[in-house]
**Student:** 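Once you've had a glance at the structure underneath, I'll fire off some questions.
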Amino acid sequence: MPDPEPLAIFENVYAGPNALIDAEREQFAAYLDSFVSQEIAR
Amino acid sequence: MTTLTLSRALGEGLRKAMENDPKVLIMGEDVGKLGGVFRVTDGLQKDFGEARVVDTPLAESGIVGTAIGLALRGYRPVCEIQFDGFVYPAFDQIVSQLAHMRLRSLGTVSLPVVIRIPFGGGIGAVEHHSESPEALFAHTPGLRVVACGDPADAYVMIQQAISSDDPVIFFEPKRRYWDKTDVDTAGGLASATPLHKARTLVSGTDVTVLAYGPMVRTCAEAAVAATADGRSLEVIDLRSLAPLDTETIVASVRRTGRCVVVHEAVSSGGLGAEIAARVTEECFYQLEAPVLRVCGYSTPYPPSRIEEHYLPDLDRVLDGVDRTFAY
(Lines give C-alpha, C1' and ligand atoms only; values in the text may rest on other atoms or scores of the structure.)
Protein backbone atom coordinates (compact mmCIF):
# COMPACT_ATOMS: atom_id res chain seq x y z
CA MET A 1 0.00 0.00 0.00
CA PRO A 2 1.57 3.33 -1.03
CA ASP A 3 2.11 6.10 1.49
CA PRO A 4 -0.59 8.79 1.43
CA GLU A 5 0.31 12.15 -0.11
CA PRO A 6 1.58 14.58 2.54
CA LEU A 7 -1.42 16.87 2.06
CA ALA A 8 -3.70 13.98 3.07
CA ILE A 9 -2.92 15.07 6.63
CA PHE A 10 -5.64 17.68 6.20
CA GLU A 11 -8.37 15.39 4.86
CA ASN A 12 -11.29 13.95 6.81
CA VAL A 13 -10.84 16.09 9.90
CA TYR A 14 -14.21 17.82 9.59
CA ALA A 15 -17.36 17.19 7.58
CA GLY A 16 -17.08 20.47 5.69
CA PRO A 17 -14.69 23.34 5.00
CA ASN A 18 -12.72 24.65 7.97
CA ALA A 19 -10.87 27.95 7.68
CA LEU A 20 -7.99 26.94 9.93
CA ILE A 21 -7.44 23.60 8.20
CA ASP A 22 -7.67 25.27 4.78
CA ALA A 23 -5.11 27.92 5.74
CA GLU A 24 -2.69 25.38 7.17
CA ARG A 25 -3.06 23.16 4.07
CA GLU A 26 -2.27 26.16 1.86
CA GLN A 27 0.80 27.06 3.94
CA PHE A 28 2.07 23.49 3.92
CA ALA A 29 1.49 23.15 0.16
CA ALA A 30 3.46 26.33 -0.44
CA TYR A 31 6.22 25.02 1.81
CA LEU A 32 6.35 21.75 -0.14
CA ASP A 33 6.33 23.66 -3.44
CA SER A 34 9.32 25.69 -2.29
CA PHE A 35 11.45 22.53 -2.39
CA VAL A 36 10.29 21.80 -5.96
CA SER A 37 11.16 25.38 -6.96
CA GLN A 38 14.64 25.03 -5.47
CA GLU A 39 15.19 21.76 -7.35
CA ILE A 40 14.16 23.38 -10.63
CA ALA A 41 16.43 26.37 -9.92
CA ARG A 42 19.40 24.03 -9.59
CA MET B 1 -41.17 36.85 19.33
CA THR B 2 -41.32 35.15 22.72
CA THR B 3 -39.46 36.22 25.86
CA LEU B 4 -37.48 33.26 27.16
CA THR B 5 -34.74 32.57 29.66
CA LEU B 6 -31.58 31.07 28.23
CA SER B 7 -32.48 27.75 29.86
CA ARG B 8 -35.94 27.77 28.30
CA ALA B 9 -34.58 28.89 24.91
CA LEU B 10 -32.24 25.90 24.87
CA GLY B 11 -35.15 23.65 25.80
CA GLU B 12 -37.26 25.04 22.98
CA GLY B 13 -34.37 24.62 20.56
CA LEU B 14 -34.01 21.00 21.62
CA ARG B 15 -37.74 20.49 21.25
CA LYS B 16 -37.69 21.92 17.72
CA ALA B 17 -34.76 19.68 16.73
CA MET B 18 -36.56 16.63 18.12
CA GLU B 19 -39.75 17.52 16.25
CA ASN B 20 -37.82 17.95 13.00
CA ASP B 21 -35.74 14.78 13.22
CA PRO B 22 -36.84 11.55 14.94
CA LYS B 23 -33.19 10.49 15.12
CA VAL B 24 -32.42 13.21 17.70
CA LEU B 25 -32.10 11.74 21.19
CA ILE B 26 -31.32 13.33 24.54
CA MET B 27 -29.38 11.54 27.24
CA GLY B 28 -27.81 12.47 30.53
CA GLU B 29 -28.07 12.47 34.29
CA ASP B 30 -31.53 13.58 35.45
CA VAL B 31 -32.50 14.97 32.03
CA GLY B 32 -35.77 13.01 31.92
CA LYS B 33 -38.11 13.01 34.90
CA LEU B 34 -36.35 15.94 36.59
CA GLY B 35 -35.81 17.87 33.36
CA GLY B 36 -32.14 18.54 34.15
CA VAL B 37 -30.70 20.33 37.15
CA PHE B 38 -31.05 23.61 35.25
CA ARG B 39 -34.42 22.53 33.77
CA VAL B 40 -33.18 22.80 30.19
CA THR B 41 -34.86 19.53 29.20
CA ASP B 42 -37.98 20.11 31.32
CA GLY B 43 -41.03 18.45 29.76
CA LEU B 44 -39.20 16.75 26.90
CA GLN B 45 -39.39 13.21 28.29
CA LYS B 46 -43.11 13.65 28.93
CA ASP B 47 -43.66 14.75 25.33
CA PHE B 48 -41.19 12.52 23.48
CA GLY B 49 -41.02 9.46 25.72
CA GLU B 50 -38.34 7.60 27.66
CA ALA B 51 -36.82 6.13 24.49
CA ARG B 52 -35.82 9.58 23.20
CA VAL B 53 -35.06 11.35 26.48
CA VAL B 54 -32.97 8.93 28.48
CA ASP B 55 -32.03 9.19 32.15
CA THR B 56 -28.58 7.64 32.34
CA PRO B 57 -26.47 6.31 35.20
CA LEU B 58 -23.96 8.72 36.77
CA ALA B 59 -21.21 7.69 34.35
CA GLU B 60 -20.05 10.34 31.89
CA SER B 61 -17.71 8.03 30.02
CA GLY B 62 -20.63 5.66 29.51
CA ILE B 63 -22.91 8.49 28.36
CA VAL B 64 -20.51 9.64 25.66
CA GLY B 65 -19.48 6.10 24.71
CA THR B 66 -23.13 5.15 24.27
CA ALA B 67 -23.73 8.31 22.23
CA ILE B 68 -20.86 7.35 19.91
CA GLY B 69 -22.46 3.94 19.38
CA LEU B 70 -25.84 5.50 18.68
CA ALA B 71 -24.30 7.95 16.22
CA LEU B 72 -22.62 5.06 14.41
CA ARG B 73 -26.15 3.64 13.98
CA GLY B 74 -27.47 6.86 12.47
CA TYR B 75 -28.80 8.71 15.50
CA ARG B 76 -28.04 12.28 16.56
CA PRO B 77 -27.53 12.07 20.32
CA VAL B 78 -27.42 15.17 22.50
CA CYS B 79 -25.63 14.42 25.76
CA GLU B 80 -25.93 16.61 28.82
CA ILE B 81 -22.93 16.70 31.13
CA GLN B 82 -24.51 17.95 34.33
CA PHE B 83 -21.64 20.27 35.34
CA ASP B 84 -18.40 21.30 33.60
CA GLY B 85 -16.16 19.49 36.05
CA PHE B 86 -17.99 16.21 35.43
CA VAL B 87 -16.78 15.99 31.83
CA TYR B 88 -13.32 14.71 32.70
CA PRO B 89 -14.32 11.04 33.06
CA ALA B 90 -15.60 11.29 29.46
CA PHE B 91 -12.47 13.03 28.19
CA ASP B 92 -10.95 9.90 26.68
CA GLN B 93 -14.13 9.00 24.81
CA ILE B 94 -14.34 12.55 23.45
CA VAL B 95 -10.76 13.21 22.37
CA SER B 96 -9.66 9.66 21.49
CA GLN B 97 -12.84 8.33 19.86
CA LEU B 98 -15.42 10.99 19.07
CA ALA B 99 -12.96 13.50 17.60
CA HIS B 100 -11.00 11.00 15.52
CA MET B 101 -13.56 8.65 13.99
CA ARG B 102 -13.96 10.61 10.76
CA LEU B 103 -10.22 10.57 10.05
CA ARG B 104 -9.88 6.99 11.24
CA SER B 105 -12.58 5.87 8.80
CA LEU B 106 -11.19 7.96 5.90
CA GLY B 107 -14.28 10.14 5.99
CA THR B 108 -16.85 7.36 5.79
CA VAL B 109 -18.15 7.72 9.37
CA SER B 110 -19.74 10.86 10.81
CA LEU B 111 -20.45 11.18 14.50
CA PRO B 112 -23.02 13.96 14.86
CA VAL B 113 -22.96 14.03 18.65
CA VAL B 114 -23.63 17.20 20.65
CA ILE B 115 -22.26 17.37 24.18
CA ARG B 116 -23.90 20.13 26.19
CA ILE B 117 -21.84 21.40 29.11
CA PRO B 118 -23.00 24.09 31.57
CA PHE B 119 -19.77 25.98 32.29
CA GLY B 120 -18.28 28.81 34.30
CA GLY B 121 -18.82 30.14 37.78
CA GLY B 122 -20.86 32.81 39.47
CA ILE B 123 -23.57 30.64 41.01
CA GLY B 124 -21.97 30.09 44.39
CA ALA B 125 -20.98 26.51 43.70
CA VAL B 126 -17.85 24.57 44.51
CA GLU B 127 -15.07 23.22 42.32
CA HIS B 128 -16.19 20.81 39.57
CA HIS B 129 -19.31 22.98 39.32
CA SER B 130 -17.74 26.27 38.22
CA GLU B 131 -15.00 25.40 35.76
CA SER B 132 -14.23 26.50 32.22
CA PRO B 133 -12.52 23.60 30.41
CA GLU B 134 -13.20 24.82 26.85
CA ALA B 135 -9.53 25.15 25.86
CA LEU B 136 -9.02 21.41 26.40
CA PHE B 137 -11.54 20.71 23.66
CA ALA B 138 -10.64 23.61 21.38
CA HIS B 139 -7.15 22.08 21.31
CA THR B 140 -8.54 18.83 19.89
CA PRO B 141 -8.82 18.62 16.08
CA GLY B 142 -12.03 17.00 14.89
CA LEU B 143 -14.25 18.75 17.45
CA ARG B 144 -16.23 21.91 17.00
CA VAL B 145 -16.47 23.96 20.18
CA VAL B 146 -19.07 26.67 20.66
CA ALA B 147 -20.46 28.78 23.50
CA CYS B 148 -23.77 30.63 23.49
CA GLY B 149 -24.14 34.02 25.15
CA ASP B 150 -27.85 34.89 25.22
CA PRO B 151 -31.25 33.19 24.84
CA ALA B 152 -31.91 34.23 21.24
CA ASP B 153 -28.57 32.89 20.10
CA ALA B 154 -28.81 29.79 22.27
CA TYR B 155 -32.10 28.83 20.63
CA VAL B 156 -30.51 28.97 17.19
CA MET B 157 -27.09 27.59 18.06
CA ILE B 158 -28.33 24.40 19.72
CA GLN B 159 -30.31 23.55 16.59
CA GLN B 160 -27.33 24.35 14.37
CA ALA B 161 -25.10 22.17 16.55
CA ILE B 162 -27.51 19.23 16.31
CA SER B 163 -27.67 19.55 12.53
CA SER B 164 -23.86 19.57 12.24
CA ASP B 165 -22.24 16.38 10.97
CA ASP B 166 -19.23 17.05 13.22
CA PRO B 167 -19.20 16.41 16.97
CA VAL B 168 -19.92 19.65 18.79
CA ILE B 169 -18.98 20.56 22.35
CA PHE B 170 -21.70 23.03 23.31
CA PHE B 171 -20.86 25.24 26.28
CA GLU B 172 -23.73 26.94 28.12
CA PRO B 173 -23.06 29.85 30.51
CA LYS B 174 -24.74 28.53 33.61
CA ARG B 175 -24.90 31.86 35.44
CA ARG B 176 -26.84 33.25 32.43
CA TYR B 177 -29.47 30.48 32.40
CA TRP B 178 -31.94 32.91 33.96
CA ASP B 179 -31.22 35.85 31.62
CA LYS B 180 -34.16 36.72 29.40
CA THR B 181 -34.39 38.10 25.85
CA ASP B 182 -36.86 37.99 23.01
CA VAL B 183 -36.44 34.83 20.95
CA ASP B 184 -37.73 34.35 17.42
CA THR B 185 -39.07 30.80 17.71
CA ALA B 186 -40.88 31.06 14.38
CA GLY B 187 -37.80 31.88 12.32
CA GLY B 188 -35.82 29.22 10.51
CA LEU B 189 -32.10 28.57 10.59
CA ALA B 190 -31.47 29.59 6.98
CA SER B 191 -31.09 33.29 7.76
CA ALA B 192 -29.31 32.79 11.10
CA THR B 193 -25.64 33.56 11.71
CA PRO B 194 -23.74 30.37 10.83
CA LEU B 195 -22.45 28.35 13.78
CA HIS B 196 -18.80 29.05 12.94
CA LYS B 197 -19.19 32.84 12.73
CA ALA B 198 -18.68 35.46 15.43
CA ARG B 199 -21.10 38.36 15.76
CA THR B 200 -20.42 41.98 16.53
CA LEU B 201 -22.63 42.77 19.50
CA VAL B 202 -21.56 46.40 19.99
CA SER B 203 -19.86 48.44 17.27
CA GLY B 204 -16.99 50.68 18.37
CA THR B 205 -13.80 52.32 17.22
CA ASP B 206 -11.19 52.34 20.02
CA VAL B 207 -10.74 48.78 21.32
CA THR B 208 -11.89 45.34 20.18
CA VAL B 209 -13.16 43.32 23.14
CA LEU B 210 -13.56 39.60 22.46
CA ALA B 211 -15.71 37.43 24.71
CA TYR B 212 -17.88 34.34 24.73
CA GLY B 213 -20.41 32.64 26.98
CA PRO B 214 -20.95 34.36 30.35
CA MET B 215 -18.55 37.21 29.57
CA VAL B 216 -20.57 38.47 26.61
CA ARG B 217 -23.05 40.31 28.80
CA THR B 218 -20.28 41.59 31.08
CA CYS B 219 -18.43 43.05 28.12
CA ALA B 220 -21.56 44.59 26.62
CA GLU B 221 -22.14 46.31 29.97
CA ALA B 222 -18.50 47.42 30.01
CA ALA B 223 -18.98 49.00 26.59
CA VAL B 224 -21.82 51.11 27.98
CA ALA B 225 -19.76 52.09 31.03
CA ALA B 226 -16.72 52.95 28.88
CA THR B 227 -18.61 55.65 27.06
CA ALA B 228 -18.42 57.68 30.30
CA ASP B 229 -14.65 57.72 29.79
CA GLY B 230 -15.10 58.67 26.16
CA ARG B 231 -14.02 55.25 24.94
CA SER B 232 -15.75 53.32 22.22
CA LEU B 233 -15.56 49.54 22.66
CA GLU B 234 -16.34 47.07 19.91
CA VAL B 235 -17.65 43.92 21.57
CA ILE B 236 -17.52 40.70 19.59
CA ASP B 237 -19.24 37.52 20.76
CA LEU B 238 -16.95 34.80 19.43
CA ARG B 239 -19.64 32.07 19.56
CA SER B 240 -17.34 29.52 17.92
CA LEU B 241 -14.10 28.71 19.76
CA ALA B 242 -13.04 26.00 17.33
CA PRO B 243 -12.86 27.02 14.62
CA LEU B 244 -12.28 30.65 15.56
CA ASP B 245 -13.76 33.23 13.23
CA THR B 246 -10.38 34.85 12.64
CA GLU B 247 -11.73 36.87 9.73
CA THR B 248 -14.14 38.86 11.92
CA ILE B 249 -11.57 39.28 14.71
CA VAL B 250 -8.82 40.50 12.41
CA ALA B 251 -11.09 42.91 10.52
CA SER B 252 -12.09 44.54 13.81
CA VAL B 253 -8.59 44.77 15.32
CA ARG B 254 -7.19 46.24 12.12
CA ARG B 255 -9.69 49.07 12.56
CA THR B 256 -9.33 49.63 16.30
CA GLY B 257 -5.62 48.81 16.80
CA ARG B 258 -6.28 47.40 20.26
CA CYS B 259 -7.59 44.06 21.49
CA VAL B 260 -8.66 42.69 24.86
CA VAL B 261 -9.74 39.05 25.24
CA VAL B 262 -12.02 38.22 28.15
CA HIS B 263 -12.82 34.77 29.49
CA GLU B 264 -13.41 33.08 32.85
CA ALA B 265 -11.01 30.24 32.12
CA VAL B 266 -7.45 30.52 33.39
CA SER B 267 -5.30 32.74 31.23
CA SER B 268 -2.38 30.35 30.83
CA GLY B 269 -2.81 28.19 27.73
CA GLY B 270 -6.33 29.47 27.19
CA LEU B 271 -8.28 30.76 24.20
CA GLY B 272 -6.94 34.24 24.89
CA ALA B 273 -3.39 33.03 24.28
CA GLU B 274 -4.40 31.49 20.96
CA ILE B 275 -6.25 34.63 19.92
CA ALA B 276 -3.34 36.87 20.95
CA ALA B 277 -1.01 34.83 18.75
CA ARG B 278 -3.36 34.94 15.77
CA VAL B 279 -4.01 38.66 16.11
CA THR B 280 -0.31 39.40 16.45
CA GLU B 281 0.42 37.43 13.27
CA GLU B 282 -2.36 39.09 11.28
CA CYS B 283 -2.46 42.63 12.70
CA PHE B 284 1.14 43.31 13.70
CA TYR B 285 1.42 46.62 11.84
CA GLN B 286 -1.99 47.87 13.01
CA LEU B 287 -1.58 47.11 16.73
CA GLU B 288 -1.10 50.10 19.03
CA ALA B 289 -0.63 47.85 22.08
CA PRO B 290 -0.11 44.16 22.84
CA VAL B 291 -3.20 41.98 22.95
CA LEU B 292 -4.22 41.83 26.61
CA ARG B 293 -6.15 39.16 28.47
CA VAL B 294 -8.68 39.58 31.27
CA CYS B 295 -9.23 36.06 32.58
CA GLY B 296 -9.55 33.83 35.56
CA TYR B 297 -6.29 33.47 37.44
CA SER B 298 -4.09 30.42 36.87
CA THR B 299 -5.31 28.70 40.02
CA PRO B 300 -7.88 26.03 40.75
CA TYR B 301 -11.36 27.50 41.03
CA PRO B 302 -11.59 29.18 44.44
CA PRO B 303 -14.16 28.65 47.20
CA SER B 304 -17.44 30.24 46.20
CA ARG B 305 -17.29 32.87 48.96
CA ILE B 306 -14.40 34.55 47.16
CA GLU B 307 -15.25 33.64 43.57
CA GLU B 308 -16.17 37.22 42.70
CA HIS B 309 -12.50 38.11 43.13
CA TYR B 310 -11.53 35.39 40.67
CA LEU B 311 -14.07 36.05 37.96
CA PRO B 312 -13.56 38.87 35.48
CA ASP B 313 -16.17 41.58 36.01
CA LEU B 314 -17.02 44.94 34.50
CA ASP B 315 -14.26 46.76 36.41
CA ARG B 316 -11.59 44.27 35.40
CA VAL B 317 -12.67 44.54 31.77
CA LEU B 318 -12.42 48.33 31.95
CA ASP B 319 -9.04 47.99 33.66
CA GLY B 320 -7.87 45.84 30.76
CA VAL B 321 -9.11 48.47 28.34
CA ASP B 322 -7.28 51.19 30.30
CA ARG B 323 -4.06 49.19 30.18
CA THR B 324 -4.17 48.99 26.37
CA PHE B 325 -4.05 52.79 26.31
CA ALA B 326 -0.94 52.87 28.50
CA TYR B 327 1.35 51.86 25.64
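Naming: A, B, ... by sequence-line order, numbering from 1 per chain.
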**Student:** Highest number of heavy-atom pairs under 4.5 Å with chain A: which of B/T246, B/T108, B/D166?
**Tutor:** B/D166

**Student:** For B/L143, which atoms come within 4.5 Å of any heavy atom of chain A: side chain, backbone, both, or neither?
**Tutor:** backbone

**Student:** One thing to verify: whether B/D165 and B/R102 come together as a salt bridge, which I'm taking to mean a side-chain N less than 4.0 angstrom from a carboxylate O.
**Tutor:** no

**Student:** When heavy-atom pairs shorter than 4.5 Å are enumerated against chain A, which of B/G107, B/S105, B/S164 gives the highest number?
**Tutor:** B/G107

**Student:** Where does the angle between the aromatic ring planes of A/Y31 and A/F35 fall among parallel (under 30°), tilted (30 to 60°) and perpendicular (over 60°)?
**Tutor:** perpendicular

**Student:** Does a side-chain N-to-carboxylate-O contact under 4.0 Å join B/E274 and B/R278?
**Tutor:** yes

**Student:** Would you say B/P133 and B/F171 make side-chain contact, with heavy atoms under 4.5 Å?
**Tutor:** yes

